[in-house]
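So you know, we letter chains A, B, ... as the sequences are listed, proteins then strands, and number each from 1. Values reported hereafter were calculated over all heavy atoms of this structure, with side chains retained and with hydrogens, waters and symmetry mates removed.
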Amino acid sequence: MRAPAHFAHRSIAAAAGITALTLLLAGCTPAAQQNTEPTAGGTLVYASGDAEPTCLDPHVGGNYPQALIATQYLESLVSKDADGQIIPWLATAWEPAEDGLSWKFQLRDDVTFTDGTPFNAEAVQANVEHLLDPATTSSTGYLALGKVASTDIVDEHTIRFNLSTPDSALLDSLSMPWVAIQSPTALARGMDVNCESPVGTGPFIVTDWKRQDSITLVRNDDYNSPPADAEHDGPAYLDEIVWRFIPDSASRFAALQSGQVDVIDNAQPSDIAAAEGQGITDLDAPRPGASNRIELNSGKAPFDDIRVREAFIRAADVNDGIEALFFGTADRSFSVLSSVETLGLSAEEHFGIDPDAANALLDEAGWTERDGDGYRVKNGQRLSVDFPVSTNQSIPAEQSLFEQIQAAVKQVGFEVRLKPMDLSSWYSTLIGNDYNLVSAPYTKVGPDVLRILYHSDSITPAPSGYFANLAQLNDPEVDALLTEASQVTDADERAALYAEVQELILSGFYALPLYDQQNHFLVGGNVSGLRAMPTVSTPTFYDAWLAR
Amino acid sequence: MTATIDTQTAQPGALSHAGTRVGARPTVGEVLAVTALLLLVVAAIAPWLLTPFDPLAISPREAFQVPSFTHWFGTDESGRDVFARMIYGTRPSLIIGVAATAIGLVLALILGMLAGLGPRPVDYAVTRVGEVLFALPGLLLALIFITITGPGVVTSTIAVGIATAPGYARIIRSQLRAVRDAPFIEAATVLGRSRFTILRRHTLPNAIAPVFVLATLGVGQAIVWAASLSYLGLGAEPPAAEWGAMLNAGRTYISTAWWLTVFPGLFIVLAAAASTALGRSLQARTRQVQS
Amino acid sequence: MRIGRWVLTRALGGIFVLWAVATLIFFAMRAIPGDPAEAILGGPGSQASDEAITQVRSEYGLDRPLYEQYLLSLGRLATGDLGTSYALKADVAGLVGELFLSTLILTVLSLLVAWAFALALALWATRGGRIGRMIGSGMEIIAAAVPHFWLASIFIVIFSTALGWLPPISTPGPLGLVLPVLTLAIPLAGFLGQVMRESLTDALESPFVLSARARGESETGVRWRHAIRHAALPAISLSGWAFGSLISGAVVVETVFARPGLGRSLLNAVLIRDVPMVTGVALISALAFVLVTIATDAIDRVADPRLRSA
């Protein structure tokens, strides 16, 4: 993960000497400063700005708020280290077959679920079946295991995954919290009970869920299965975590400042800036998968014309806006992949700002006339593009950035119609193809996210009507490269294929990358040892402790 | 204390001389309210008279400037002049307030007249419908309406109208009932006037006058309502400078840029309070005329 | 006998209101674009599989004709079964009951505080002479014009961030209630104050108060014994309305102060199309409204015998 390095660079000057920070900076090596000896005990209050999960079992549905909390009580077969390498967790070793159509996993033999059920091959099989069962209504986990046809129990602690086609993303997929392993005994209790109190092998246990208020997690005193890159062994330091939901960002930050809560997520850029010098530290953990980008819908006019797409991107000057609105907390991205992804291709050359070139391109594309308001017109049609914005997913700073883009491209004659709306209306608008521009985050471990976002198969709507290829990129060459890359086993070959396909996407002006999917946590001065998992960047409280 | 009692005992006498207080000298409160409203109307009609800045001129490098002599209310997150946005935002904000009130009153008039003038069964049915709508929190009605029709200025304006209609309908109905049973209507009936004439010449004028007063009272509340919907993410579309939307956008920055929250809020309070104050004094004056 | 009939009529009226609310919500929620099955599966973005959608449709009876679904849901509601929340996957009756208690505490306290403020303002304004009246009515009008979420933000900045006196989010103790209650109470006090002052002024000018004064009762005695009793009547009958407006206000206040309650759940439920939850919240607010209205009418009848014959 690049996040800690990036973070260190900026914060040393601002907040040097803060103990919480030094632990974060060090990543893996505890810094030898005063009061850095972890102390056990205490209750930590976490305040989430995300919607309250509807089910605490991340197999069901599968969204980020579920991943955030499930990281505290569920564990996966594998994890990732800060360099992006897959490391052991509940599985100690793995090996693909020659043909890539099956993988054998060696499992830990000393782990027990918190309800006393032993962790073994049978448990893993039950979880795969649970994920693939339509009754579970899994979406994220179901997609992640899309190529898994069946599992075989080789022996008590060895399991074989049988695949329908080779899957170069299998390990990445298995590292995600949405396919974490739960107690088969607990799963058998039925969905309603399991949603309320899922049982895993993690460092904490869900004990109480007061709807619309908080979830209480207590320490698992028998814990023995930290991932290979954790700071310590044995149980966690904290006695208890109270997981609260505070939807209002201003209240959330005020609660952190006044000490009612210890850690907040979804921190606003202005608050991150304001927190400097208040003893509060920023844990910057960009999410993996895609970067935050604006997709240009090439499936319909006017963006079906590459010249119009290029003109838009050449006119949309976002650099000053990102600087001002994000207070230096977000770096401009020139890649459709997150900076966390080692195979991401950054191509700044396609995103130079040049209003003259934009004007020339629009003239060439036939948008030659201008109407009374200064917008371009062709055949009596104004050059208008609809931009539905989800107020749940786009933070206020991002919404302001979109307004700035609206003003910038107006100079060359585009009319951008920004439409802020709630999440459900937003999805309906996308499903109805009533958009020309859209910003849709997508979190997934590994470059395989490109296949989901840009393969023409993803234009075909899922049963729910949703389709992930919102740029509606339909290019056989891109499809072929993406399919090949998802199947090759050779790492170099895979990297080359992903580089090639990203070049095609970026040079086709299908997307305007903005920055990584922002994922900032503000941490009170009394909290040390908090780190984000290098898989999907969810914070883990296993190593965290409270100063007394 | 005696002085107080004197003025109070004197007042009922004064009130019986219909009209004596209507032309009375305006109070300080009335002067303030009318001045504020006049300024707002000027801002709505000719905003450029009050500010040299373009409310939409984006300049990221000048973002978050504190209030100064150049930028009276500071600049916002995109470097736009907040004072200019407040002034230019007057028109859409007042339109939302006035339109929502008009929608609410029209709906209420229909319901209220059916109930207040119709035969008993109709009154009964309409009153029950009104009761049902009244029993639901207004915001729930607004929220459901917006989710059905999709968000936006037009729908949130209509939503506010719908949410406020049951309250108005109640007042209009009781007003009509009271007027219908009033002695002068009875007198007209005895004199043999037709029902329609009575309705047109006596009932409606007497019942409708207070509705206009209600309207002035309602505009302020409608603006506050619309601002609440903006807070819930169901308001105006950018880049329009609408007060509720501005307040909502500014609130994010309350820990770093207080002026983005304080000034839009003050404008909403000012507009709502001024229209309420005007409504109250009109109400007081018309009541005095009637008695 | 008359009282028995009165109670019966009111009870039937209340049941009618509840039935109408249930019906209105049922059809309104069906009119919202989007498939309820997807709402159950976490919204259209969840990319639910075909099998999952079919599964849920039959599980929740969504594959039946609309009228059948309506009758079924009415039947369930009649037996007190509010169903299972789409989003929270839990019994709505239990959820709503718990949340209602929290909202009830908030709204009742706000109502009491608003009454106290309004009464204090009205009393002060009626005896403060011209200037007092002006300031009093000015304060009432301004208080009534303040948007809840703005007031809440300003309170948080002043009392939590700057002074550190009060928590910016709801906490278990009474301290956490102070800011939410004040935020709801102040605008309401503005409204109640306007009404109360008017009737208080009228009451102070009425013949029975004049005669009390003539009998030589002290001014304070007159105010407390006669005027306030009569001035409080319209305020009490307004409480039904006030209660409804407080629930609307609670949507905002509970969101800002992260307080569990009906208002906040209502907002979430409408946004994610959680039909059983919206129905539950709507029904319990309607029920509360009906009960408050009946109660205030009953108080009116007791306090003002003239109404009994009406």
With chain C, which of [options] has the greatest number of heavy-atom pairs at distances under 4.5 Å?
options: B:Ile268, B:Leu136, B:Leu270; result: B:Leu136
options: B:Ile148, B:Val129, B:Val262; result: B:Ile148
options: B:Thr261, B:Ile146, B:Ile223, B:Val269; result: B:Val269
options: B:Gly220, B:Ala277, B:Pro137; result: B:Pro137

Is it the backbone or the side chain of [X] that comes under 4.5 Å from a heavy atom of chain B, or both, or neither?
X: C:Thr293; value: neither
X: C:Val292; value: neither
X: C:Leu24; value: side chain
X: C:Ser153; value: both
X: C:Ile25; value: side chain
X: C:Val270; value: both

C:Phe27 atom CZ: more than 12 heavy-atom contacts under 6.0 Å: yes
Sidechain-backbone polar pair: [X] side chain, [Y] backbone, donor-acceptor under 3.5 Å:
X: C:Glu254; Y: C:Gly263; result: yes
X: C:Arg273; Y: C:Leu271; result: yes
X: C:Ser160; Y: C:Val157; result: no
X: C:Thr107; Y: C:Leu246; result: no

Engaged part of [X] at the chain C interface, taking heavy atoms whose separation is under 4.5 Å:
X: B:Arg251; result: side chain
X: B:Leu266; result: both
X: B:Leu143; result: both

Could you tell me whether the side chains of B:Thr164 and B:Gln221 share a donor-acceptor contact shorter than 3.5 Å? no
I'd like to know whether the aromatic ring centres of B:Phe267 and B:Trp243 sit less than 6.0 Å apart in this structure.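 B:Phe267 vs B:Trp243: aromatic centres under 6.0 Å.
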Side chains of C:Val253 and C:Phe149 in contact at under 4.5 Å (non-hydrogen atoms): no
Interface residue of largest heavy-atom contact number with chain B, from C:Leu283, C:Ile247, C:Ile141, under 4.5 Å: C:Ile141
Interface residue of largest heavy-atom contact number with chain B, from C:Ile154, C:Leu267, C:Thr161, under 4.5 Å: C:Leu267
Out of curiosity, C:Asp274 CG to C:Ser265 OG, how far, rounded to the nearest 0.5 Å?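 These two atoms lie 10.0 Å from each other.
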Can you classify the ring geometry of B:Phe263 versus B:Trp258 as parallel (below 30°), tilted (30 to 60°) or perpendicular (above 60°)? tilted
